[in-house]
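Please read the structure below before turning to the comments.
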Amino acid sequence: MAGLAGDSGRSSAPSPSVVAVVANRRDGTTIRYAVRSPRGAEVTSREGLVRLVRELEADLTPRWTWWTAAEIAPTLVTEGVVPQRSWDISEAHRILHGGWEAGPGVAWAASHGIPIAGVPAPPSGDLFEFASSTPDDGRLVRPDGHLRPDAVTGDWLDADERLLLWAEALAEVAERQLMEARALGPRVEATIHSESAAAVLCVELAQHGLPLDRVIAEELIVAAAGPRPETVEDELAARRIRDAVVLRHVPGRESTDLRNPAQVKGLLAAVGVDVPDTRKWTLETHRHTHPVIDALLIWRKDERIATTYGHRWLALHVGADDRLRGGWTACDGAGGRMTAENGLHNLPAALRPAVAAHPGHLFVRADLGQIEPRVLAVVSGDAAFAEATRADDLYAPVAARLGVERAVAKIAVLAAMYGQRSGAAGEALKGLERAYPVAMAHLDDAYAVGVRGGDLRTFGGRLIPTGRFLRGEPIGANPALDAARGRFARNAVIQGAAAELFKAWAATVRAAVAPLGAEIVLCLHDELLVHAPEGVATEVAALVDQSLTDAARRWARGAPVRFVADTSIIKRWSEAK
DNA sequence: TTGACCACGTA
DNA sequence: CGTACGTGGTCAAC
């Protein structure tokens with residue numbers, strides 16, 4: 001179940017099998033862990049923790065509670081003992097209170113109802129530190145109710161008794177968060193369980209990496225950027241060669257810096273092309289008016305690979321084991337989608353052939369079909385729109401109902417969800433209002449809340465920070481800003497809920513396929529890539545589909561909405577779609 | 001060195 | 001056409 005809704009019973013007090021675990025580094029090398037479990041409280045070593053996790057997981061399947069998975073889980077992933085259920089205080093805080101800053105001091109304050117603005121800054125170590133430092137009276141909590149900042153940084157936790165106090169504070173915050181979650185509604189506790197599992201998954205993704213075919217990767221990079229430069233001179237020479245292909249179309253202006261948009265704009269003006277900016281989308285319409293434009297657009301593609309996904313990128317982020325690694329976060333600062341670094345979320349399609357299963361393995365790739373309109377059907381509770389989700393292609397029944405072409409219906413639905421301002425969706429939008437008034441009203445309500453800068457929560461209970469666009473300006477002072485906030489809000493309730501379903505699915509898949517030796521290696525908003533031993537790939541694919549049925553049923557809580565996955569078994573990522 | 005802006009890749 | 005993200009380039013201010 002991977003810490004999902006399956007165990008979200010209504011036990012009144014925190015389960016006795018909650019285990020609080022905190023870490024602290026002593027002497028710069030030794031790491032100590034304080035653990036509060038049904039066996040009692042103890043301070044132990046790394047080996048002791050690993051042993052404890054192994055034993056308790058077998059006996060109790062407890063919910064491991066930590067400030068953040070990033071602090072404890074890397075060790076457990078390395079040792080191959082990964083808890084099934086966890087409560088991640090930082091992720092819970094982000095869901096309950098919004099924003100992204102979620103350290104112990106902030107989570108403690110928020111769960112105690114103390115203004116976050118008063119959370120003391122960490123000790124800076126400068127000369128004035130002495131005067132303003134918190135006196136050491138042996139207490140973890142200051143008279144003003146905040147945690148000692150030198151406990152948050154770990155400096156104060158030198159003695160075992162203090163580390164146990166730290167674990168006690170952790171358990172208290174988790175307990176308060178649980179009460180907050182239950183008070184907010186029926187889904188929030190399950191969302192936190194799922195989000196905590198996603199945070200552990202992020203630790204695994206960062207550690208395992210994405211399998212790559214290095215030979216193919218190098219070929220593709222060489223084709224775009226030239227051979228791997230040995231020296232700075234080599235690199236500059238390769239650059240000049242790439243530039244010359246474009247500049248030969250404009251004799252007399254060979255000194256133009258193609259990386260400087262202002263100079264490119266001047267260059268285009270000189271050949272008679274007058275554009276407001278030099279974006280690809282703008283230049284696309286002028287593609288055949290002058291050969292330099294086509295050359296420039298091709299140059300941009302190659303330049304992207306040369307600078308961002310080139311030889312340096314390969315050397316820096318792809319390990320000797322041919323795996324691409326980057327940091328992962330379980331949620332962004334807006335709707336709550338996962339984020340990834342080092343190209344894991346924005347690898348150009350041209351490089352996808354390089355993403356390949358390693359010898360003896362296959363990829364099981366699956367993506368959710370039309371997830372956003374299906375999610376809208378759940379979160380709005382629109383019975384008519386839910387009916388449309390019974391079709392494999394949701395836009396077909398919508399088109400039939402509106403009496404328009406499928407393409408028109410699709411544009412209208414997307415326009416309604418994303419707040420399109422231009423285009424030809426007008427008539428079909430009116431049809432949507434008549435056919436699916438509940439779903440459309442849900443979107444309009446979110447828009448209105450955004451415009452007035454109000455609070456919003458996703459279906460799963462995540463607080464949406466619509467105020468992030470305020471920028472100090474009062475509401476109503478800037479109509480464009482008000483509208484931008486409205487569009488953000490309208491989108492966030494859909495994108496955020498979709499992220500919640502996706503993470504519930506991912507966590508379920510992770511737990512289901514692990515016994516077969518398969519592991520998730522990429523999460524891409526609505527797409528999963530699982531690396532599986534080839535003998536079990538078919539079985540893994542079936543588990544991926546079954547996990548969607550299970551996760552969607554729990555997540556949607558009985559809403560008659562169907563979710564579909566397109567699942568395939570492939571050797572290279574480029575074979576799909 | 002830092003931050004703003006541009007540009008562009010992914011969903 | 002909307003939203004979200006991460007990265008790298010240039011340029012201006014510090």
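In what follows, every heavy atom counts, from backbone to side chain, and hydrogens, waters and symmetry copies are set aside. In what follows, chains carry the letters A, B, and so on, assigned in the order in which the sequence lines appear, proteins first and then strands, with residues in each chain numbered from 1.
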From CD1 of Ile464(A) over to C1' of dT3(C), roughly how many Å is that when rounded to an integer? 12 Å
Of the listed nucleotides dA7(B), dT10(B), dT3(C), the one nearest the side chain of Asp277(A): dA7(B)
Would you say that more than 12 heavy atoms from the other residues, nucleotides or ligands in this model lie under 6.0 Å from the CZ of Arg228(A), or not? no
Of all pairs that satisfy side chain to side chain donor-acceptor pair (under 3.5 Å), the ones with a partner from residues 261-282 of chain A, not counting sequence neighbours: Asp277(A)-Arg279(A), Asp277(A)-Thr282(A), Thr278(A)-Arg300(A)
In whole Å, I'd like the distance from the CH2 atom of Trp313(A) to the C1' atom of dG9(B). 12 Å
Choosing from dG2(C), dC8(B), dA11(B), which nucleotide comes nearest the side chain of Lys280(A)? dC8(B)
Residues Glu195(A) and Arg462(A) bridged, charged N to O under 4.0 Å: yes
Quiz question: going by heavy-atom distance under 3.5 Å, is there a donor-acceptor pair between the base of dA11(B) and the side chain of Arg337(A)? yes
Hey, does Ile494(A) reach any base, or is it just sugar-phosphate, or nothing, if we go heavy atoms under 4.0 Å? nothing
Which part of the nucleic acid does Arg279(A) contact within heavy-atom distance under 4.0 Å: base, sugar-phosphate only, or nothing? sugar-phosphate
If I take atom OH in residue Tyr447(A) and atom P in nucleotide dG2(C), what distance separates them, rounded to the nearest angstrom? 13 Å
Checking contacts here: which listed nucleotide (dC8(B), dA11(B), dG2(C)) is nearest the side-chain heavy atoms of Asp526(A)? dA11(B)
What contact category does Ala262(A) fall into here, base, sugar-phosphate, or nothing, at under 4.0 angstrom with non-hydrogen atoms? nothing
Can you measure Gln495(A) atom CD to dT10(B) atom C1' for me and round it to whole angstrom units? 12 Å
d(CG, Leu210(A); C1', dT10(B)) in whole Å: 14 Å
Taking only side-chain nitrogens and oxygens of Thr278(A), does any of them come within less than 4.0 Å of OP1 or OP2 of dC6(B)? no
Between His208(A) and Val77(A), is there a side-chain heavy-atom distance shorter than 4.5 Å? yes
What residues form a ring-ring contact (aromatic ring centres under 6.0 Å, His included) with His345(A), not counting sequence neighbours? Trp328(A), His525(A)
Between dC5(C) atom C1' and Asn491(A) atom CG, what is the distance in whole Å? 12 Å
Taken to the nearest whole Å, NZ/Lys410(A) to P/dC1(C) is 15 Å
Just the rounded figure in Å: distance from C1' of dT10(B) to CH2 of Trp328(A). 11 Å
Going 5' to 3' through nucleotides 6-12 of chain C, assign each nucleotide B (protein heavy atom under 4.0 Å from a base atom), S (under 4.0 Å only from sugar-phosphate atoms) or - (no protein heavy atom that close). BBSSSS-
State plainly whether the residues Asp243(A) and Arg240(A) are in salt-bridge range, i.e. N to O under 4.0 Å. no
Testing the basics here: between Phe385(A) and Pro373(A), what is the closest heavy-atom pair and its distance to 0.1 Å? CE2-O, 3.2 Å
